[in-house]
Amino acid sequence: MRKLKNDELQRLETDEFKKAAKTNICLVLDNIRSMQNIGSAFRTADAFRVAEVYLTGISARPPHREIQKTALGATESVSWKYFENNLDLIQHLQAKNYQIIPVEQAERSCFLQDYNPDSDKKYALVFGNEVFGVSDEFMESGHTCLEIPQYGTKHSLNVSVSVGVVLWDLFQKMGYTNL
């Protein structure tokens, strides 16, 4: 066994990526304070052909050197928008027929492994602040709430790890592995 070289991976160029089919999934980064977490979310969004990334509140916006450290150019390939106000973003998502899905530990949340997305629907996955979690506005407007079950001593996962876990799960459940 040997590792593949970059030129053997057959990755899309940025212009090709922008024209390529995307998933019915977008990411909402709700008041994310770490620029490295934002960059990592962009890089993961690129890997799973997320339709768009939305940044809100205190979330830093590209271009920024600290975001680029982990994004490695994904802020150039993945479409993104910034909304200062969560309620404006919620209205925007509703107008685009997205199901708003906070990822949070909450009453009546659905464990990720039990969730069965409909491949014909559009999903806005909301990931919250590293300390305070998903904002109340998104929690109140959510169609359901997903929770990643955890079995250790810590109370949460890093937000960038959560983005990867949830995106991969929905990506494969919605049949996107053949893009």
Side-chain angles (χ1 to χ4, degrees), residues 3-86 88-103 117 119 121-130 134-135 138 146 148 157-179:
K3 296 188 295 185
L4 295 175
K5 296 177 181 170
N6 284 346
D7 60 347
E8 295 177 287
L9 296 175
Q10 300 179 11
R11 297 292 190 248
L12 300 174
E13 295 295 326
T14 300
D15 289 340
E16 294 172 309
F17 181 90
K18 289 180 178 184
K19 295 175 188 172
K22 306 293 186 297
T23 65
N24 289 341
I25 302 169
C26 74
L27 294 183
V28 175
L29 303 180
D30 175 21
N31 288 292
I32 303 298
R33 63 186 171 106
S34 166
M35 288 186 243
Q36 286 84 10
N37 282 337
I38 292 168
S40 181
F42 267 95
R43 192 165 160 190
T44 304
D46 176 280
F48 294 112
R49 288 203 202 170
V50 164
E52 198 157 28
V53 172
Y54 293 98
L55 303 162
T56 68
I58 67 166
S59 299
R61 300 177 295 280
H64 195 286
R65 182 185 56 156
E66 291 300 311
I67 293 173
Q68 288 307 106
K69 281 182 181 179
T70 50
L72 296 179
T75 58
E76 307 304 316
S77 57
V78 177
S79 177
W80 64 272
K81 288 186 178 131
Y82 172 76
F83 284 77
E84 186 174 339
N85 182 301
N86 287 346
D88 290 340
L89 176 52
I90 289 166
Q91 289 177 347
H92 175 80
L93 294 169
Q94 290 169 337
K96 291 181 88 169
N97 296 315
Y98 275 103
Q99 302 285 305
I100 297 172
I101 311 291
V103 178
S119 60
K121 291 186 177 177
K122 294 166 54 173
Y123 296 95
L125 302 173
V126 183
F127 296 88
N129 178 276
E130 295 90 337
V134 174
S135 68
F138 283 110
L146 293 182
I148 302 168
L157 294 169
N158 178 278
V159 66
S160 65
V161 172
S162 295
V163 167
V165 168
V166 174
L167 272 180
W168 166 246
D169 185 77
L170 267 63
F171 188 86
Q172 58 91 25
K173 284 179 180 174
M174 294 175 76
Y176 288 124
T177 53
N178 297 321
L179 277 178

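Note: hydrogens, waters and symmetry copies are ignored here, and every other heavy atom, side chains too, is used. In this text, all values refer to a predicted model and were calculated from it rather than measured experimentally. Nothing fancy with the numbering, it's 1 onward along the sequence.
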S.K.: Checking Gln10 now: which residues fulfil side chain to side chain donor-acceptor pair (under 3.5 Å) with it, not counting sequence neighbours?
M.R.: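 By the side chain to side chain donor-acceptor pair (under 3.5 Å) rule, Gln10 matches no residue at all.
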S.K.: Side chains of Leu55 and Pro62: does their closest heavy-atom pair fall under 4.5 Å?
M.R.: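 Counting from C-beta outward, Leu55 and Pro62 do come under 4.5 Å.
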S.K.: For Ser119, is there any backbone N or O sitting under 3.5 Å from a side-chain donor or acceptor partner on Asn24?
M.R.: yes
S.K.: Taking CD in Glu84 as the centre, count heavy atoms belonging to other residues, nucleotides or ligands within less than 6.0 Å. Is the count above 12?
M.R.: no
S.K.: So do Leu125 and Val50 actually touch side chain to side chain, heavy atoms under 4.5 Å?
M.R.: no
S.K.: Could you check whether any side-chain heavy atom of Thr23 comes within less than 4.5 Å of a side-chain heavy atom of Leu179, counting everything from C-beta outward?
M.R.: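 Yes. Closest side-chain heavy atoms under 4.5 Å.
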S.K.: Mind checking what makes side chain to side chain donor-acceptor pair (under 3.5 Å) contact with Ser79, not counting sequence neighbours?
M.R.: Glu52
S.K.: Could you pull out all residues at least two apart from Phe171 that satisfy ring pair (Phe, Tyr, Trp, His ring centres under 6.0 Å)?
M.R.: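 Applying ring pair (Phe, Tyr, Trp, His ring centres under 6.0 Å) to Phe171 gives Phe48, Tyr176.
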S.K.: Where do Phe83 and Ile90 land on the side-chain contact (heavy atoms from CB on, under 4.5 Å) test, with the steps shown first?
M.R.: CA-CA 10 Å; Phe83 284 77; Ile90 289 166; over 6 Å; no
S.K.: Of the non-hydrogen atoms in Tyr98 and Ala51, which two are nearest, and what is the gap between them?
M.R.: OH-CB, 4.0 Å
S.K.: Scan the side chains in residues 64-71 for donor-acceptor partners under 3.5 Å anywhere in the protein, sequence neighbours excluded, and list what turns up.
M.R.:
unit_1, atom_1, unit_2, atom_2, d
His64, ND1, Glu66, N, 3.1
Glu66, OE1, Gln36, NE2, 2.6
Glu66, OE1, Lys69, NZ, 3.3
Glu66, OE2, Lys69, NZ, 3.1
Gln68, OE1, Thr75, OG1, 2.7
Thr70, OG1, Gln36, O, 2.9
Thr70, OG1, Ser40, N, 3.2
Thr70, OG1, Ile67, O, 3.4

S.K.: For the residue pair Val134 and Val103, what are the closest heavy atoms and their distance?
M.R.: CG2-O, 3.6 Å
S.K.: Once rounded to the nearest 0.5 Å, what's the spacing between atom CD1 of Ile101 and atom CG of Leu146?
M.R.: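 With rounding to 0.5 Å, CD1 (Ile101) is 6.0 Å from CG (Leu146).
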S.K.: Which pair of non-hydrogen atoms, one from Ile32 and one from Leu29, has the smallest distance, and what is that distance?
M.R.: CG1-CB, 3.6 Å
S.K.: Give the minimum heavy-atom separation between Val53 and Ala45, together with the two atoms involved.
M.R.: CG2-CB, 3.9 Å
S.K.: Report the relative orientation of the aromatic rings in Tyr54 and His92; use parallel for angles under 30°, tilted for 30 to 60°, perpendicular for over 60°.
M.R.: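 Tyr54 and His92: perpendicular rings.
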S.K.: Within a 6.0 Å radius of atom CG on Asp7, are there more than 12 heavy atoms belonging to other residues, nucleotides or ligands?
M.R.: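 Atom CG in Asp7 is crowded, with more than 12 foreign heavy atoms closer than 6.0 Å.
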S.K.: If we ignore hydrogens and angles and just use 3.5 Å, is the side chain of Ser59 paired with the main-chain N or O of Asn31 as donor and acceptor?
M.R.: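 Pair found, side chain donor or acceptor close to backbone of Asn31.
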S.K.: Does anything in residues 14-41 form a salt bridge (charged side-chain N to carboxylate O under 4.0 Å, His left out)? List the pairs, not counting sequence neighbours.
M.R.: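 Sorted result for residues 14-41: Arg33-Glu130.
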S.K.: Rounded to the nearest 0.5 Å, what separation is found between the CG atom of Leu27 and the CZ atom of Phe42?
M.R.: 9.0 Å
S.K.: Determine the minimum heavy-atom distance between Ser160 and Asn37, stating which atoms define it.
M.R.: OG-OD1, 3.5 Å
S.K.: If the condition is side chain to side chain donor-acceptor pair (under 3.5 Å), which residues does Lys122 pass it with, not counting sequence neighbours?
M.R.: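 Scan of Lys122 (side chain to side chain donor-acceptor pair (under 3.5 Å), adjacent residues dropped) gives none.
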S.K.: For Lys96, is the NZ atom crowded, meaning more than 12 foreign heavy atoms sit under 6.0 Å from it?
M.R.: yes
S.K.: What pairs with Asp46 under side chain to side chain donor-acceptor pair (under 3.5 Å), at least two apart in sequence or on another chain?
M.R.: Ser77
S.K.: Out of curiosity, Ile25 CD1 to Arg49 CZ, how far, rounded to the nearest 0.5 Å?
M.R.: 13.0 Å
S.K.: Salt bridge (Lys or Arg N to Asp or Glu O under 4.0 Å) with Glu13: which residues, sequence neighbours excluded?
M.R.: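 Expected list: none.
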S.K.: State the CZ-CG distance between Phe127 and Leu157, to the nearest 0.5 angstrom.
M.R.: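 So the CZ of Phe127 and the CG of Leu157 are separated by 10.5 Å.
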S.K.: Report the distance from atom CE of Met174 to atom OH of Tyr123, rounding to the nearest 0.5 Å.
M.R.: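 Spacing of CE (Met174) from OH (Tyr123) equals 5.5 Å.
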S.K.: Are Val28 and Leu93 close enough that some pair of their side-chain heavy atoms sits under 4.5 Å apart?
M.R.: yes
S.K.: Please check if the side chain of Tyr82 supplies one atom and the backbone of Gly57 the other of a donor-acceptor pair under 3.5 Å.
M.R.: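 Yes.
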S.K.: May I have all residue pairs that pass salt bridge (charged side-chain N to carboxylate O under 4.0 Å, His left out) and include part of residues 165-179, sequence neighbours excluded?
M.R.: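 Every pair satisfying salt bridge (charged side-chain N to carboxylate O under 4.0 Å, His left out) with a residue in residues 165-179: Asp169-Lys173.
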